[in-house]
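Below: the structure, in structure tokens.
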Amino acid sequence: MSRRGARGADSRGRVLVARLDDAGDVLLTGPAVRAVRTLAGEVVFLAGPNGRAAAELLPGVDRVIEWRAPWIDHTPPPVTEGQVADLVGRLRGIDEAVILTSFHQSALPLALLLRLAGVRRITAISNDYPGSLLDVRHVVDESVDVPEAERMLAVARAAGFELPPGDDGKLAVQDPLPDMSRVIGHVLHAGADAGKGTYVVVHPGTSAPARTWPAERHRQAVRELAEDGHRVVVTGSESDLTAYVAGDDAADLGGVTTFAELAAVIERASVLVAGNTGPAHLAAAVGTPVVSLFAPVVPAARWAPYGVPAVLLGDQQAPCRNSRARTCPVPGHPCLSQVTSEQVVKAVRELTQ
């Protein structure tokens, strides 16, 4: 997809799109970014450290500014005058901003800093009174679960940006992705036979313990997938975890791929098995079906893999439902611990037939 947007008299100038949390959240901004691209002379993406690599993969983004937001980051830094001044200085020259937030986040702290940087027009969702901080205040009914990608696209539309003709509004990443065919062929001992759709990716890690299926279940699922005739590749940043899950039954790519390389590995897979974590949204962005081990701490209607075939596993009515917990508040982690490896193998079969 092209990065090119409006130029000349019709351009809205340098437009900032902000999403300050994790990689999956950033990937879900993709349709909104492409809408902004249609009228912006330049699109600048403001991302947190956990989202930068994803922002750099989005079609339509010209450059990325990284900043750790004290009101959003999971390990928030203290607020200091120097930290704030640094961001304000880096934001100077922005003409307009579209702030994208989840339903439990506030856009107003960033809106204040954007005003200090001289940004003339700011759009965001705000159920709180924004005063002079916002020019376009988009109000939504937060009791209605809307897919996050659509929720953020609605903010861009409120700002006056629409998807270009022919854009299906799904998630996407820039082409070309890194060529991982040799790496995959090597680790699978498959040579040229390791083409698209010839293996399953299992990604056991998540950014929050409450969203994690037990490691021993992952390991058992890998074994049973191999017994069912699938080649399996295990991915993730935690190499000890991926080595344990892969065992002697799968190829282990733990700790050796960049985010773009991970996208390429998932793009060539027949199915991804993962929790509610960034790679599940990465799979959606490259068109790979997902077996989603989904803990209901946030609603699946908002956060399930968007726009691709998916099988959702996990008790969506468990007591942790909608708690937004990062550590499971219920003894025994029942929402996911009751999911069996047999169910995962069955779901993979369903998605590959």
Side-chain angles (χ1 to χ4, degrees), residues 24 145 147 197-236 238 241-252 254 265-266 269-284 287-323 325 327-353:
D145 288 329
T198 59
Y199 59 90
V200 173
V201 171
V202 174
H203 189 94
T206 65
S207 61
R211 302 179 185 184
T212 303
W213 197 42
E216 58 271 19
R217 294 286 177 85
H218 277 101
R219 182 180 171 99
Q220 185 176 356
V222 164
R223 184 183 305 115
E224 292 179 14
L225 284 167
E227 290 171 353
D228 203 44
H230 299 279
R231 291 167 169 163
V232 183
V233 175
V234 180
T235 60
E238 304 169 67
L241 173 62
T242 61
Y244 172 76
V245 169
D248 296 325
D249 300 294
D252 177 16
V265 171
I266 294 173
S270 58
V271 176
L272 170 74
V273 178
N276 177 22
T277 190
H281 303 299
L282 197 55
T288 297
V290 182
V291 175
S292 178
L293 297 156
F294 199 97
V297 290
V298 294
R302 293 177 184 255
W303 295 102
Y306 183 72
V308 292
V311 174
L312 208 66
L313 299 178
D315 181 3
Q316 301 306 299
Q317 301 303 316
C320 64
R321 184 172 179 264
N322 295 336
S323 66
T327 301
C328 183
V330 183
H333 197 25
C335 68
L336 287 181
S337 64
Q338 295 178 19
V339 176
T340 66
S341 55
E342 182 181 12
Q343 288 175 292
V344 169
V345 173
K346 180 181 178 182
V348 169
R349 281 188 200 145
E350 180 180 330
L351 291 171
T352 53
Q353 287 176 351

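Values in this document were obtained by computation on a predicted structure and should not be read as measured data.
Take Arg349 and apply the salt bridge (Lys or Arg N to Asp or Glu O under 4.0 Å) test, not counting sequence neighbours, and it matches Asp228. In this structure, the side-chain contact (heavy atoms from CB on, under 4.5 Å) partners of Pro209, at least two apart in sequence or on a different chain, are Thr327. Contacts of Arg302 classified as salt bridge (Lys or Arg N to Asp or Glu O under 4.0 Å), with partners at least two apart in sequence or in another chain: Glu142, Asp145.
Atom CG of Asn322 has more than 12 neighbouring heavy atoms from other residues, nucleotides or ligands inside a 6.0 Å radius. The environment of Glu342 atom CD is sparse: at most 12 non-hydrogen atoms of other residues, nucleotides or ligands sit within 6.0 angstrom.
Once rounded to the nearest 0.5 Å, the distance linking CD1 of Ile266 with OG1 of Thr235 reads 5.5 Å. If you take NE2 on His203 and CG on Leu241, they are separated by 8.5 Å, rounding to the nearest 0.5 Å.
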Derivation and outcome, side-chain contact (heavy atoms from CB on, under 4.5 Å), residues Arg211 and Thr277: CA-CA 8 Å; Arg211 302 179 185 184; Thr277 190; over 6 Å; no
Trace of the side-chain contact (heavy atoms from CB on, under 4.5 Å) decision for Val291 with Leu351: CA-CA 8 Å; Val291 175; Leu351 291 171; 3.7 Å; yes
Steps toward side-chain hydrogen bond (donor to acceptor under 3.5 Å, both in side chains) verdict (Gln220, Glu224): CA-CA 6 Å; Gln220 185 176 356; Glu224 292 179 14; 3.1 Å; yes
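Exactly one residue among Val348, Val345, Val344 makes a side-chain contact (heavy atoms from CB on, under 4.5 Å) with Val200. That residue is Val348. Of the residues listed (Val202, Asp249, Val273, Val245), the one engaging Val232 in a side-chain contact (heavy atoms from CB on, under 4.5 Å) is Val202, and it is the only one.
Within the 4.5 Å cutoff, side-chain heavy atoms of Val201 are placed close to those of Val265. Between Trp213 and His333 there is no side-chain heavy-atom pair separated by less than 4.5 Å. Residues Val308 and Pro289 are not in side-chain contact: their nearest non-hydrogen atoms beyond the backbone lie 4.5 Å or more apart. Inter-residue side-chain proximity for Val233 and Asp252 is flagged as unmet; no heavy-atom pair is nearer than 4.5 Å.
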